[in-house]
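Shown next, in structure tokens, is the structure this report addresses.
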Amino acid sequence: MKIAITGGIGSGKSYVCSLLERRGIRVYDSDAAAKRLMAQDETLKRQLSELVGDAVYNNGVLQKSVLAKYLLQSEKNKLAIDGIVHPAVARDFLQSGYEWLESAILFDSGFDRRVAFDYFVAVTAPLEVRIDRVMRRDNISREKTLEWIGRQMPQEEVARRCHFIIENDGRKPLDSQINELIIHINKY
């Protein structure tokens with residue numbers, strides 16, 4: 001069974017995944033995998049260099065500012081990068097032996113169509129909680145935080161597409177929600 005966990009920035013999905021890992025459930029971190037693959041996978045590096053230009057790597061090291069500049073120039077550029085990186089991450093996940101995957105932009109990016117997931121889980125939190133978490137974590141302004149949140153699919157739409165929702169509002173106990181999730185998945 002393949003299970004995807006998603007949620008917008010500041011929802012606390014990484015924390016929920018850490019709680020799953022404490023229970024012995026390994027969760028594939030797609031963001032970390034994308035960074036690792038862009039740094040190490042020679043085919044991916046070649047494809048990004050052909051797309052963005054040779055300056056995207058300097059002595060084999062990814063130049064994040066060059067990649068970001070290219071990516072932010074247009075939606076076409078963003079989609080072209082996604083078309084290189086996301087298939088590589090999907091292949092890596094499918095070869096990893098993991099059943100669980102964490103992805104912030106699972107639906108936004110179309111990654112949910114690259115892998116045949118059996119079950120989708122959304123981690124949600126009230127907007128003000130998310131804003132506070134991101135501002136404290138990244139030491140950024142409220143305006144910048146709202147801009148980042150605004151770039152992602154609305155939380156309500158993410159939740160609507162999922163089989164199960166974990167509400168990470170800081171009040172409802174996460175352990176009991178995770179227990180319920182595991183029971184739901186075992187029945188599925």
key: For L146, all residues meeting side chain to side chain contact (heavy atoms under 4.5 Å, CB included), sequence neighbours excluded   = I131, R142
remark   = Nearest heavy-atom approach of V89 to S30 is CG1-CB, 4.1 Å
Test side chain to side chain contact (heavy atoms under 4.5 Å, CB included) applied to D31 - qualifying residues, sequence neighbours left out = D29
query = With sequence neighbours left out, what residues match E50 under side chain to side chain contact (heavy atoms under 4.5 Å, CB included)?
reply = R46
key: Spatial distance of atom CG (L67) from atom CD1 (I81) [nearest 0.5 Å]   = 4.5 Å
task = Starting at CG of N77, measure out to CG of L72 and round the result to the nearest 0.5 Å.
result = 9.5 Å
query = Between D82 and K78, does at least one N-O distance fall below 4.0 Å, as a salt bridge requires?
reply = yes
task = Report the distance from atom CG of L62 to atom CG of L37, rounding to the nearest 0.5 Å.
result = 12.0 Å
key: With H184 via ring-ring contact (aromatic ring centres under 6.0 Å, His included) - residues at least two apart   = F164
Donor-acceptor contact below 3.5 Å, side chain D138 vs main chain I140 = no
message = Applying salt bridge (Lys or Arg N to Asp or Glu O under 4.0 Å), can you list everything that pairs with K35, at least two apart in sequence or on another chain?
response = none
key: Stepwise side-chain contact (heavy atoms from CB on, under 4.5 Å) test for Y70 and L51   = CA-CA 10 Å; Y70 180 86; L51 176 68; 3.3 Å; yes
key: I3, L106, T6 screened by side chain to side chain contact (heavy atoms under 4.5 Å, CB included) with L101, the one that passes   = L106
key: side-chain hydrogen bond (donor to acceptor under 3.5 Å, both in side chains) partners of E75, counting only residues at least two apart   = none
request  = Please report the C-alpha distance between D132 and R136 in whole Å, then the side-chain angles of each, then the deciding distance to 0.1 Å, and finally whether the salt bridge (Lys or Arg N to Asp or Glu O under 4.0 Å) criterion is met.
outcome  = CA-CA 6 Å; D132 183 59; R136 282 188 290 120; 3.0 Å; yes
key: Steps toward side-chain contact (heavy atoms from CB on, under 4.5 Å) verdict (V121, C162)   = CA-CA 5 Å; V121 179; C162 290; 5.8 Å; no
task = State, yes or no, whether a side-chain contact exists between R22 and L19 at a heavy-atom distance under 4.5 Å.
result = yes
query = By salt bridge (Lys or Arg N to Asp or Glu O under 4.0 Å), which residues pair with K2, not counting sequence neighbours?
reply = none
query = Partners of R161 by side chain to side chain contact (heavy atoms under 4.5 Å, CB included), sequence neighbours excluded?
reply = F107, M153, E157
task = Using the salt bridge (charged side-chain N to carboxylate O under 4.0 Å, His left out) rule, collect all pairs that involve residues 90-118, keeping only residues at least two apart or in two chains.
result = R36-D92
query = Residues two or more places apart in sequence or in another chain: which of them pass side-chain hydrogen bond (donor to acceptor under 3.5 Å, both in side chains) with K172?
reply = E167
Main-chain N/O of E21 paired with R26 side-chain donor or acceptor, under 3.5 Å = no
request  = Say whether, by atom type as modelled, one donor and one acceptor occur between the side chain of Q152 and the main chain of W148 under 3.5 angstrom.
outcome  = no
query = Do the rings of F111 and F117 sit parallel, tilted or perpendicular, given the 30° and 60° boundaries?
reply = tilted
ask   = Going from CZ on R130 to CG on N168, what distance comes out if it is rounded to the nearest 0.5 angstrom?
value = 11.0 Å
request  = Please determine, by modelled atom types, if N179 and S176 share a side-chain donor-acceptor pair under 3.5 angstrom.
outcome  = no
remark   = Going by chain and number, the hydrophobic cluster around I183 (ILVMFWY, side chain to side chain under 4.5 Å) further includes none
task = Return the minimal non-hydrogen interatomic distance between S96 and F93, and the atom names on each side.
result = OG-O, 2.6 Å
request  = May I ask you to check whether over 12 heavy atoms, not counting those of R171, lie within 6.0 Å of atom CZ?
outcome  = no
message = Any heavy-atom pair between the side chains of V66 and K69 that's under 4.5 Å?
response = no
inquiry  = Determine whether a donor-acceptor pair (N or O, by modelled atom type, separation under 3.5 Å) exists between the side chain of Q155 and the backbone of G8.
reply    = no
key: Reported OG-to-CD1 distance for the pair S11 and I165, which is rounded to 0.5 angstrom   = 12.0 Å
inquiry  = Side-chain heavy atoms under 4.5 Å apart, restricted to Ile/Leu/Val/Met/Phe/Trp/Tyr: what other residues fall into the cluster of L79, or is it alone?
reply    = none
Distance-minimising heavy-atom pair for M38 and V85 = SD-CG2, 3.9 Å
inquiry  = Please check this pair: side chain of N186 against backbone of I182, looking for a donor-acceptor N/O pair closer than 3.5 Å.
reply    = yes
inquiry  = When you compare the side chain of V56 with that of Q63, does any pair of heavy atoms fall below 4.5 Å?
reply    = no
inquiry  = Rounded to the nearest 0.5 Å, what separates atom NZ in K144 from atom CD in E147?
reply    = 4.0 Å
ask   = Do side-chain atoms of K13 reach the backbone of G7 as a donor and acceptor pair under 3.5 angstrom?
value = yes
query = At their closest point, which heavy atom of A125 faces which heavy atom of R133, and how far apart are they?
reply = CB-NH1, 3.5 Å
